[in-house]
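Report on one structure; see the data block that follows.
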Amino acid sequence: MTRHHDSRHAVSNQAVAADCARLADLLEIAGENPFRVRAWRNAAETIEGLGERLADAVAEGADLTAYPHIGKDIAAALESRVRDGVLPPLEEIAVRVPPELADLMAVKGLGPKGIKALYDAFRIRGLDDLAAAAEAGRVRELPGFGPKKEQALLAGIRQLRARGERRTRLDAAERLAEPLREWLAGGSGVGDVVIAGSYRRRKETVGDLDIVAVSSDGDSVMARLFAYDAIERTVSHGTTRSTVVLEGGLQVDLRAVPAESLGAALVYFTGSKAHNVVLRQRAIDRGWKLNEYGLFEGGRTLAGADEAGVYRALGLAWIPPELREDQGEVAAAETDALPALIEPGDLRGDLHAHTDWSDGKAGLEAMARAAAERGLEYLAITDHGPRVRVANGLDAERLRRQGEAIDALQPELSDITLLKGCEVDILEDGRLDLPDEVLAALDIVVCSIHFHLDLPRDRQTERVLRALDNPHCMIWGHPTAREIGRREPIDIDLERCLAAAAEKGVAVEINAQPKRLDLCDRHVRLALQKGCRLVINTDAHSVANLDLARFGVDQARRAWVTSEQVVNTLPLAALRRVLRPRP
DNA sequence: GCCGTTTTCGGCCCGACTGTTTTCAGTCG
């Protein structure tokens, strides 16, 4: 036995995945077997995508080889990494290859071969070394390099220093992508224009935009792209493919395809990479070839024009883009066992919304009418409780008066029912910031954490378990309190808390605010495994925010959620039976 | 180093673009 397992100091999945990815980079720079390199990269992706914590799995003695792309060797290394903090193969390669060389892989235009050449010739180990050598004009002297490459590397370094590896939030990507899509579609001779890639899979952030445009004449589509006014610079340009960077730094890859290849191109460029590998393997198994132009048997085209046709030819039902992550969707498509994913129109109500009684922008009536206009049957008014003082949270007396205001307003609203609610704060010790008898008068009680986000795991877990145990707690709001790109999720035993929520019948929120998307897709899937009911809420702080529900639905779809698993798809009467105080 | 309806060995995705070449390697997606 090694040292006592202390969950508070357990290593994060991200940290382990980063080590695996670094090892893969170093192996590649060292010129090792490329398939061994890929094995470690696959392992890194597996770990990054796990719903549960690898450290917990190891502590429980789980068999890591049950995970995809984790075999005997990698499993042993991972156990060592979790228990002793050391990934043995990484230690071994570090003797031969300076570990910091892996950082150079992030420079656009520089790969393992280039890194090795630069190190062998000039002992270049990091960004600073590389920048100095390039500025001194020494890089161009190396075989395989030249003046243009040298300038490209300097540009790559500048870009890396300016932006890092930052990804763009889905809502921000939409605001950039939709105008561009319309511009391209307005070009002469341009047919369908589809934004593929992780954007189409509705990932919470995108690294770049992959756009597929139908045209018999690639050059005219590309000309249309280069005439767009928000382009910062051109990275590459060809007849079938061009790459530009938009103002603000988002990269766009545009592919022109003939109509007969649109389906295959969409499959190919929507990805994910892992999904494509499975499809391609399936084609190979049948003696066929799948690429972005179609599905081929020798010279004969089996499919290509439409996406469903490509899947059909491979013996599969069409797979919604949100599921294309190699998480079992191909097997499900083979047996027609894909879930009927929830759709935005399935939502009948919203159970988390703020008004100008606390920190919302709009009044009760404006919110109610806006929700009705959007076709909702019910809207829960859940302003903050008193603990969130900066948001002008409501104490018991103001909450009572708000209830009277709702009662007075309701008769004037024919199309929608307002529910009296509150977003109460889960205090540091797990109590709520309003007493039980106040909560007992409400239709909907959302319990959320807003403060003390950095409690150690054990205390954070106990805190939430206690809140979930309150008989008035109906919804666990933005459970991990993360904000994308800004704030990490709280450290908590999520599995245990989700199991408790399932047992108590507390609905777990998918907060649709694009900055939150909390729970995230992986955790939603974990919640389903634990048997939780879900609720998709906008947490609206304005009328316009009521339109954000679809972002929550996107993440639910990515987690294989059907409408039956989401309580706010229920008619109001049924909802009331499901969400109510417990005895 | 992983994987298995060609299963314990022999595979492992592949096409476009760039810059360097003078027929192609490296990188990217």
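Per chain, numbering begins at 1; letters A, B, ... match sequence-line order.
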Rounded to the Å, how far apart are [X] [atom1] and [N] [atom2]?
{"X": "A:Asp25", "N": "B:dT27", "atom1": "CG", "atom2": "P", "value": "12 Å"}
{"X": "A:Leu118", "N": "B:dT27", "atom1": "CG", "atom2": "C1'", "value": "14 Å"}
{"X": "A:Asp73", "N": "B:dT8", "atom1": "CG", "atom2": "C1'", "value": "15 Å"}
{"X": "A:Glu141", "N": "B:dT21", "atom1": "CD", "atom2": "C1'", "value": "16 Å"}
{"X": "A:Ile195", "N": "B:dG29", "atom1": "CD1", "atom2": "C1'", "value": "17 Å"}
{"X": "A:Glu28", "N": "B:dG26", "atom1": "CD", "atom2": "C1'", "value": "11 Å"}
{"X": "A:Leu209", "N": "B:dC28", "atom1": "CG", "atom2": "C1'", "value": "17 Å"}
{"X": "A:Lys72", "N": "B:dG4", "atom1": "NZ", "atom2": "C1'", "value": "18 Å"}

### Query
What does B:dC24 pair with, Watson-Crick or G-U, if both distances are under 3.5 Å?
B:dG19
### Message
Judged by each residue's nearest nucleotide on DNA chain B, which is more toward the 5′ side, A:Arg286 or A:Ile70?
### Response
A:Ile70
### Query
DNA chain B: A:Gly287 or A:Asp253, which has the more 5' nearest nucleotide?
A:Gly287
Expressed in whole Å, how much space separates the [atom1] atoms belonging to [N] and [M]?
{"N": "B:dC3", "M": "B:dT8", "atom1": "P", "answer": "16 Å"}
{"N": "B:dG1", "M": "B:dT5", "atom1": "C1'", "answer": "23 Å"}
{"N": "B:dG11", "M": "B:dT7", "atom1": "C1'", "answer": "12 Å"}
{"N": "B:dC12", "M": "B:dC17", "atom1": "C1'", "answer": "25 Å"}
{"N": "B:dT27", "M": "B:dT21", "atom1": "P", "answer": "15 Å"}
{"N": "B:dT20", "M": "B:dC13", "atom1": "P", "answer": "30 Å"}

### Task
For A:Pro68, report the nucleic acid contact type (base, sugar-phosphate, nothing); a contact means any heavy atom under 4.0 Å.
sugar-phosphate
### Message
Classify A:Gly271 by what it touches in the nucleic acid, base, sugar-phosphate, or nothing, heavy-atom distance under 4.0 Å.
### Response
nothing
### Query
What string of B, S and - do you get for nucleotides 13-20 of chain B, 5' to 3', if B is base contact, S is sugar-phosphate-only contact and - is no contact with any protein heavy atom under 4.0 Å?
BBBBSSSS
### Task
Tell me, with the steps shown, if A:His523 and A:Arg482 meet side chain to side chain contact (heavy atoms under 4.5 Å, CB included).
CA-CA 12 Å; A:His523 289 154; A:Arg482 67 112 176 220; over 6 Å; no
Test: [X] and [Y] ion pair at under 4.0 Å:
{"X": "A:Asp253", "Y": "A:Arg241", "value": "no"}
{"X": "A:Lys273", "Y": "A:Glu45", "value": "no"}
{"X": "A:Glu178", "Y": "A:Arg181", "value": "yes"}
{"X": "A:Arg525", "Y": "A:Asp521", "value": "no"}
{"X": "A:Glu174", "Y": "A:Arg202", "value": "yes"}
{"X": "A:Arg36", "Y": "A:Asp73", "value": "no"}

### Query
Does a donor on one side chain sit under 3.5 Å from an acceptor on the other, for A:Asp63 and A:Thr65?
yes
### Task
With a 4.0 Å heavy-atom cut-off, tell me which residues in residues 219-227 of chain A come close to DNA chain B, sorted by residue number.
none
### Query
Residues from residues 314-326 of chain A sitting under 4.0 Å of DNA chain B, heavy atoms only?
none
### Summary
Those residues at least two apart in sequence (or on a different chain) that pass side-chain contact (heavy atoms from CB on, under 4.5 Å) with A:Asp547 are A:Arg374
### Query
Which pairs pass salt bridge (Lys or Arg N to Asp or Glu O under 4.0 Å) with one or both residues in residues 109-125 of chain A, sequence neighbours excluded?
A:Glu100-A:Arg125, A:Lys116-A:Asp120
### Query
Which residue pairs pass the side-chain hydrogen bond (donor to acceptor under 3.5 Å, both in side chains) test when at least one of the two sits in residues 310-328 of chain A, sequence neighbours left out?
A:Arg201-A:Glu325, A:His275-A:Tyr311, A:Glu307-A:Trp318, A:Glu307-A:Arg324, A:Tyr311-A:Arg324, A:Glu322-A:Arg557, A:Glu325-A:Arg558
### Message
A quick test of your reading: do over 12 heavy atoms of other residues, nucleotides or ligands sit less than 6.0 Å from CD of A:Gln14?
### Response
no
### Message
Over 60° means perpendicular and under 30° means parallel, so tell me whether A:Phe226 and A:His237 are parallel, tilted or perpendicular.
### Response
perpendicular
### Message
Which is it for B:dT20, anti or syn, if anything within 90° of zero counts as syn?
### Response
anti
### Query
Taking atom types as they are modelled, is there a donor-acceptor pair under 3.5 Å from the base of B:dG1 to the side chain of A:Asn33?
yes
